[in-house]
Amino acid sequence: MTDSNMPVYTYKDFASDQEVRWCPGCDDYVVLKSIQKALPQMGRRKEEFVFISGIGCSSRFPYYVDTYGMHGIHGRAAAIATGVKLANRELSVWVASGDGDSLAIGGNHFIHLIRRNIDINLILFNNEIYGLTKGQFSPTSLMGQKTKSSPYGNIQPPFHPGELAIGSSSRFFARVPGGNTKMQQAVFIEAEKFKGTSIVEVLQNCVIFNDGAFDKYTDRAVKDDAQLYVEHGKPMIFGKNSDKGIVLDGLKLKVVTIGEDGVTEDDILVHDAKEKDTTLHLMLARLHMPVVTGIIRAVEEKTYDELCTERIEQMKSQAKFKSVNELFASGETYEVK
Amino acid sequence: MTDSNMPVYTYKDFASDQEVRWCPGCDDYVVLKSIQKALPQMGRRKEEFVFISGIGCSSRFPYYVDTYGMHGIHGRAAAIATGVKLANRELSVWVASGDGDSLAIGGNHFIHLIRRNIDINLILFNNEIYGLTKGQFSPTSLMGQKTKSSPYGNIQPPFHPGELAIGSSSRFFARVPGGNTKMQQAVFIEAEKFKGTSIVEVLQNCVIFNDGAFDKYTDRAVKDDAQLYVEHGKPMIFGKNSDKGIVLDGLKLKVVTIGEDGVTEDDILVHDAKEKDTTLHLMLARLHMPVVTGIIRAVEEKTYDELCTERIEQMKSQAKFKSVNELFASGETYEVK
Amino acid sequence: MTQENSSLDKQSVKDVVIRFVGDSGDGMQLTGTQFSTTSALLGNDIATFPNYPSEIRAPQGTIYGVSGFQVHIGESAIHTPGDDVDVLVAMNPAALKVNINAVQPGKTIIVDSDSFTSKNIEKAGYKENPLITGELDSFVVIEAPITTLTREAIKDVGLNKKAMDRSKNMFALGMVYWMFTRPLNHTIEFFKKKFSNKPMVIEANIKALKAGYNFAQTLELMPSPLVVLPAKMRPGTYRIINGNTATAWGFLAAAEKSGLDLYLGSYPITPATDILHELVKHLQFGVKAFQAEDEIAGISSTIGASFAGKLAITTTSGPGLALKSEALGLAVMTELPIVVVNVQRGGPSTGLPTKTEQSDLLQALYGRNGESPAIVIAASTPENCFDYAFEASKLALEHMTPVILLTDGYIANGSAPWKIKKVEDMPDITHRQITADDVEGEFEPYSRDKDTLARPWAIPGTPGLEHRIGGLEKADITGNVSMDPRNHEHMTKLRQAKVDKVADSIPDLKVEGAQEGDLLVVGWGGTFGSMFTAVNSMHEEGKSIGLAHFNYINPMPKNVEDVFSKFKKIIVCELNNGQFHTVLNAKFPKFEYMKYNKIQGLPFSVLDLINKFNQILDNK
Amino acid sequence: MTQENSSLDKQSVKDVVIRFVGDSGDGMQLTGTQFSTTSALLGNDIATFPNYPSEIRAPQGTIYGVSGFQVHIGESAIHTPGDDVDVLVAMNPAALKVNINAVQPGKTIIVDSDSFTSKNIEKAGYKENPLITGELDSFVVIEAPITTLTREAIKDVGLNKKAMDRSKNMFALGMVYWMFTRPLNHTIEFFKKKFSNKPMVIEANIKALKAGYNFAQTLELMPSPLVVLPAKMRPGTYRIINGNTATAWGFLAAAEKSGLDLYLGSYPITPATDILHELVKHLQFGVKAFQAEDEIAGISSTIGASFAGKLAITTTSGPGLALKSEALGLAVMTELPIVVVNVQRGGPSTGLPTKTEQSDLLQALYGRNGESPAIVIAASTPENCFDYAFEASKLALEHMTPVILLTDGYIANGSAPWKIKKVEDMPDITHRQITADDVEGEFEPYSRDKDTLARPWAIPGTPGLEHRIGGLEKADITGNVSMDPRNHEHMTKLRQAKVDKVADSIPDLKVEGAQEGDLLVVGWGGTFGSMFTAVNSMHEEGKSIGLAHFNYINPMPKNVEDVFSKFKKIIVCELNNGQFHTVLNAKFPKFEYMKYNKIQGLPFSVLDLINKFNQILDNK
Ligand SMILES: Cc1ncc(C[n+]2csc(CCOP(=O)(O)OP(=O)(O)O)c2C)c(N)n1
Ligand SMILES: Cc1ncc(C[n+]2csc(CCOP(=O)(O)OP(=O)(O)O)c2C)c(N)n1
Ligand code: SF4
Ligand code: SF4
Ligand SMILES: [Mg+2]
Ligand SMILES: [Mg+2]
């Protein structure tokens, strides 16, 4: 895969000839740009990338990336991508999918993809709404949220994608704000490097049907205090003045201010994304003020696609029948003259 | 529902006229007996119980319980039961379903049932195998497990039902050994009392295709040391001599011996099934030696079926149109003479 | 009514088709609806059809962001939104470009000349300004600087420019009101009510509307304004309704009539979602409207709710019906009453999700494993969606079987006047719920009503009738699981016979136009409007042509062969590749059928139909 | 061959049907297989059919725990496992009870008289011991105390009683071997190989086998042992194969022939699971066998694997096909080559999951939203499952379209001799994968091969051919998303034409028996054996009857009308309620079709067919 003849790409090489048709102001534009900028940094040839999606606004993604792509059917992107990756491990397989696509109709494929740990990167465009069908509540919509299908307020409690993913044995889970292309690029590159299923939840603003859903985290005025960007090996410090931090208080996380109550930087938890035990990662995924962004968990294990290939190789050397003709002619046969 | 004319039932009242057809020695018999013994203790009339299942050995369950029942289609029991409960909240709705039925094809309905918190009791017959189709690996089969569809050993990492359930916001999760009818009865009665989705995982031995899967926990010789039965408000003590206990060691659970290293009974964690925070419940669900049985989590919240009914009642008093005729005649209408 | 032009120099026309087109943000749907309602209030018959872009909010001025609303008004019965547009109102070059093909030479085009900037012209894909190239010479083009005039008219209201431009559509509407002698009062009232707490918005829109009206009058846009006289409609109270709302209301009526609560288990999908949207508004009628995680959960929960005694329905479109097919088989086997509404759209796969088509017929009939018969009926107009939703419920509840109701994107989104019905006036629905008192001896869940072959409906909670059902083959009468070979054959035929028997309780197939003769036109479902218009006009011209339009597809009315045998030729017309043609050949192979199909995501053109039929008649 | 009874007093019979029945634990499948293989090695043609209970391990001695294995051997070509049983070997009363109806008076029944204890008799549902009530008087009943004799024969081996009783079946087999002059050596070798590390098991079974043989000889169970002479089969090397294994192997051959790896995405379901079981054993051929979380993931992953360049297949049965229908539409729209194997079982819904039926035909043809044509072919014998799996792969890969291959529980589980094929001898498969070198100018993913209308297959990883496909309607040639009305009509017809064109490359419909005349019998798929046997025997008697059996259903061979027009009457015979009858009426309405259907989860009885056909011929 590393190759001295590797062409040098720019983001333009990954822009297809199709006109982008999201609503003006939609965060999907930002994610598209982030991908187009991140792909050239992945040390792969353009034809090795495959983008698979389901149905939804966000699922139009593959049309706009000039690589191989399939705009599948609603909810099945993870399952289609599974086939692509199992068929050819050399490909870099990406899934672009909405909260409806991956957590409503596609919920089963989502959790099974994660359980199997197939080396696929899934971008979860979580706008807490069904965009394409014009504004019904989704499985991540909040209680009380008024939508076309909940005119008096939603009464179905939401999934928390991070908890669901880690509950399905997620080995890589990250969260990024919809408008932050820098962070998106960095995280996408890490997701690609990571061997295993990488889930990247994008807090994606839908300007039409759920505008401002994440303002409490992403508004310029509050974002420094409302977001904790975690990096492996670094202390969990945040805040406009970088003076806030996270400490463990029994079995709960607590926000403290460095310099107050005798708290020093050394007291602050250091992020260990590679810890196998999920306890702390779940606490981070659950935290809501600040909300945790960046790579929360990244614990490598052998992937299913790798095990699959190994098994085939192993069988090639062990198997009794080396050719199908041998198989057909094996066991109890008899001659008719 | 409490009623002075309530008939006094015995387990025989809940035995249907259909001959039970599981393999001799199958744990499903034990669960059936436990249900038949628990139902009379629930203070409900026989006709109020509904058992819904999918397809699988365990899904034959409804045929054997003399109440209302439906043997549905594979994987859809939770969704069918959802309709039953939403249609009539007065019913006590039960789902009997296998690890394939609920975690493979039915995975999506399983997690959405839990997320919505509909007041349904789901018995998950986890035998870590597909029984009815004669022995393929299931989503809970262990790595390396040899089955008809994994003759060289399974390479798909398993789900952990407790983690998946709690990751889907489970409010009630319990685990019981397949052979322990006492514990099953007690837990089923609690599950029925609990308002919300109750998941009861049964470690169910399949004598034909996965015999002994849980012996390491349930074998007479080891079971006291290998099982920790938790009860709300009681210390987590176990062991043949009731001298082992669980303490918190940082963010991990540790087994200690009372009387050794200065450990006293007071050091042992006291089980709080009603704690909202999931951290400790997840640690308990994950623990594998000892395995935790009993009710691990039981945190009541308003159920979806209740919210649904409340909303209807509220609309009845608020709504502009009190009858459909009024609705039809509302807004812009005009006369043709 | 404003008095200015109620003079005598008005010219009367029989019917008129107007299409308002512009950017998604230009308010074309509102404009069209206002024109429709005002016309309906004048007593015209109307039919409308909206045409949304599939993008949610495309960039301004682009081709794919064009939104449209077509309305057809007439002094006699109107059955389609119209083929050819008499007046096209285009708010920008892209809207003109996309819609010009629908306008025949000689007809009128109104454009906002302000919008023909070079940037917009380019975005629309024109090389040059079409207003000056001469390419519109064959049309009557009215160039009005609508943007400027609107801004001018409302400059004192105090809105900013962006907000001011939102009233452009009312200026345009004012112009059209003048052209067709419509009064302004309905629209003025509408704004007063709708924006009661936004006085500036009210003022701006009313001013723009009047300015447009006066502009048209001043410039005498037409030699004289036109009048469309009131239609001769049956007396009564009317409202304008679209097919999806009518469908939702039909179920509300059926629930009330049957004395059961309505349960809806559904997953959103275009173009069916509006039925869900409508029903979630009316929980006060005891409606349980459950938005499920997917279509399979939608129908599975519906089966559960039916088991528990509700009038239980599920709504979807093509791909969703495919997903529901396994569970539909469970409803067939358990003989539970459910209704599945399928609002058809263009396929296969995701296909043309916002376009209309009739290509799910064979799926509805045959898309299940095993011998799995279900009742299939189809609505044929926006307003009779009400009746067929009611009828679907009645058939399901009385015959204890799933019913598939087919509508399509065209009638679901199209509107027409609906003579308001009262629940009292609807036929009775007698569901089959029983209690232990109704049972002698042992309860037999698979015993049968002699006439309908329907089984009894014993719902959970009923003392003494505890029983188990499921998807495995059932023994006759007891309903126990049975693997007995002869029982299986018996039950397979019984399930078929039960559906066949529905033919006893449905109306005969009616023929419109000639009752016998040269050509019988056969159609089904949502194409009624265009087919009736074509056949009727030919019949009025004295042609020997009749129309047999099907609403009942499985089973079919008993007199089909009778009807077919009275004509020399039969042509089956469908918006698909010939699915009903296949069904008729299979069922009544003794007739010869021609076929005429259109697979463009669009309704039939009346003119095309007439041409086709004339051709056949001429060849006789 | 053992020499004892190769004397000259042997009587020769043409063919014989033997059914071994007992508890699930009695080893009847093994017994039957041994008899089959031994007979095949003697040169007989054979056909076998196992019959498992649907319970995994029912309690001993119960009716629903009875397991059976039927084998039909003959000196000429054998096409079915046989209607009527010549020799029934029943290991207990329940087995007798369940199977007695398959035995005609005069035929032989062997029972283990030791098993007729009052407890077992009661469990079987007999009021009294059928061996003494006289109800078996019309049969030749051989009562042998098999349990006692077996225990006696192997008492010195050192097994406990339970283990000893496991050899009962070999005692019974020994008896039958004597009756039909079969040698013991094959079975002896089998045990030696299979249980090489369990010498006691080997010894016990061989002793029991010999004891049974000697017992029969000593008591002279029959006036003289019978001989079934070798069949005149085409020379070559044979093996016995069942339909599911043959299907799996057909795909292995197609993968090797096409130079592609095989991908299977599947979810277990009876009776299709054995194809998965077989393929997971042979990963060394590069097979990626993926057990998915459900049927939808099974086919979706298959579509993904096809996109990525594999020979990609998915296997299922009826309810699973229903679940796959939406995704099948995606394969139609993206024009990707996949094969869907549907092993039909009794429906609707869960139906009769372990029984055979042909009732998924209409689902296969029409069970998708929109106009969604796919190739549909059907295998007709256990052994030609190999050929049609191969053919399905070839058609998919060469025509770039999904193919549905229909088999059924009867041929999937039934076995027959298969003349072993070599990959070299199979036809070439030319898939349509391309590289940039094959492309001039811009790459056009929806350009077409002139002859087949297939599009090119550019797989991810190929430099320069990056492109996007999906479920929305595609523009001709470019493959871009297109909502254009005329393009949609064009593409809909093009997809149909592409499937229709397959007719150019499939063989003509063959007629067996009379090539013209009074009665043409029409069938399709797994009923070939019984239908051919019936027609052939009537034709040999000089009746004017022919058989046209279809393997290609969509499209059909080109000469169908030709064939049909040569007969006075046509009867369509199916194991369903008339689905192919419906298809033929729709497609060729000018012929009149009678129909004959059986919906019992069972194959046709040859005798019933003959009676039916004679009745028609006599009425002419
Ligand atoms: C089988 C099927 N069911 C339903 C739909 C309709 N549908 C398309 S996208 C969508 C949900 C979109 O929401 P999400 O996945 O969150 O994506 P977003 O548009 O918000 O990016 C639905 C319900 C469909 N296309 N196919
Ligand atoms: C749609 C569909 N797919 C597949 C099947 C086949 N099937 C029946 S039960 C089953 C799995 C059974 O496993 P589990 O749910 O764990 O139940 P168990 O038999 O182990 O109790 C499968 C794959 C089916 N009946 N329907
Ligand atoms: S509807 Fe929302 S999610 Fe969809 S494109 Fe528009 S802004 Fe984005
Ligand atoms: S196969 Fe296993 S799970 Fe099924 S009945 Fe037998 S022992 Fe129980
Ligand atoms: Mg969304
Ligand atoms: Mg299981």
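A quick note: this is a predicted structure, and the numbers were derived from the prediction, not measured. Chain naming here is simple, since letters A, B, ... match the order of the sequence lines and numbering starts at 1 in each.
Taking CG of Leu352(C) as the start and CG of Asn487(D) as the end, the distance is 9.0 Å to the nearest 0.5 Å. Once rounded to the nearest 0.5 Å, the distance linking CG of Leu328(C) with OG of Ser349(D) reads 10.0 Å. To the nearest 0.5 Å, the span separating CD on Gln363(D) from CZ on Arg368(C) amounts to 9.0 Å.
When the candidates Leu321(C), Leu362(C), Ile296(C) are compared by the number of heavy-atom contacts under 4.5 Å with chain D, Leu362(C) comes out ahead. Options Gly347(D), Gly367(D), Ser359(D), Pro353(D) differ in how many heavy-atom pairs under 4.5 Å they form with chain C, and the most are formed by Ser359(D). For chain C, the option among Gly471(D), Ala327(D), Gly320(D) with the highest count of heavy-atom pairs below 4.5 Å is Gly471(D). Between chain D and the residues Gly601(C), Gly329(C), Pro319(C), Gly318(C), the largest count of heavy-atom pairs under 4.5 Å involves Pro319(C). Interface summary for chain D: among Gly346(C), Ser317(C), Gly351(C), the most heavy-atom pairs under 4.5 angstrom belong to Gly351(C). Looking only at heavy-atom pairs under 4.5 Å with chain D, the residue among Pro589(C), Gly470(C), Pro373(C), Gly578(C) that has the most is Pro589(C). For chain C, the option among Lys587(D), Gln358(D), Met483(D), Lys590(D) with the highest count of heavy-atom pairs below 4.5 Å is Met483(D). Most heavy-atom pairs under 4.5 Å with chain D, from the set Leu584(C), Asn576(C), Asn597(C): that is Asn576(C).
Only the side chain of Arg495(D) comes within less than 4.5 Å of a heavy atom of chain C; its backbone N, CA, C and O stay farther away. Looking at Gln496(D), the atoms closer than 4.5 Å to chain C (heavy atoms on both sides) all sit in the side chain, from C-beta outward. Both the backbone and the side chain of Lys598(C) come within contact range of chain D, judged by heavy atoms closer than 4.5 Å. In this structure, chain C has a heavy atom under 4.5 Å from the backbone of Ser482(D), while its side chain stays farther away.
Thr582(D) places no side-chain N or O within donor-acceptor distance of the main-chain N or O of Ala586(C), the cut-off being under 3.5 Å. Asn369(C) places no side-chain N or O within 3.5 Å of a backbone atom of Pro348(D) that could act as its donor or acceptor partner. For Glu489(D) (side chain) and Ile599(C) (main-chain N/O), a donor-acceptor pair under 3.5 Å exists by modelled atom type.
When all heavy atoms of Ser325(D) and Ala322(C) are compared, the closest pair comes out as OG-O, 3.2 Å. When all heavy atoms of Gly370(C) and Asp360(D) are compared, the closest pair comes out as N-OD1, 2.9 Å.
More than 12 non-hydrogen atoms from other residues, nucleotides or ligands lie less than 6.0 angstrom from CD of Glu561(D).
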Going through the distances and angles, do Glu371(D) and Gln579(C) end up as a side chain to side chain contact (heavy atoms under 4.5 Å, CB included)?
CA-CA 9 Å; Glu371(D) 294 289 347; Gln579(C) 301 196 359; 3.0 Å; yes
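Of the candidates Glu357(D), Lys355(D), Gln600(D), His488(C) forms a side-chain hydrogen bond (donor to acceptor under 3.5 Å, both in side chains) with just one, namely Glu357(D).
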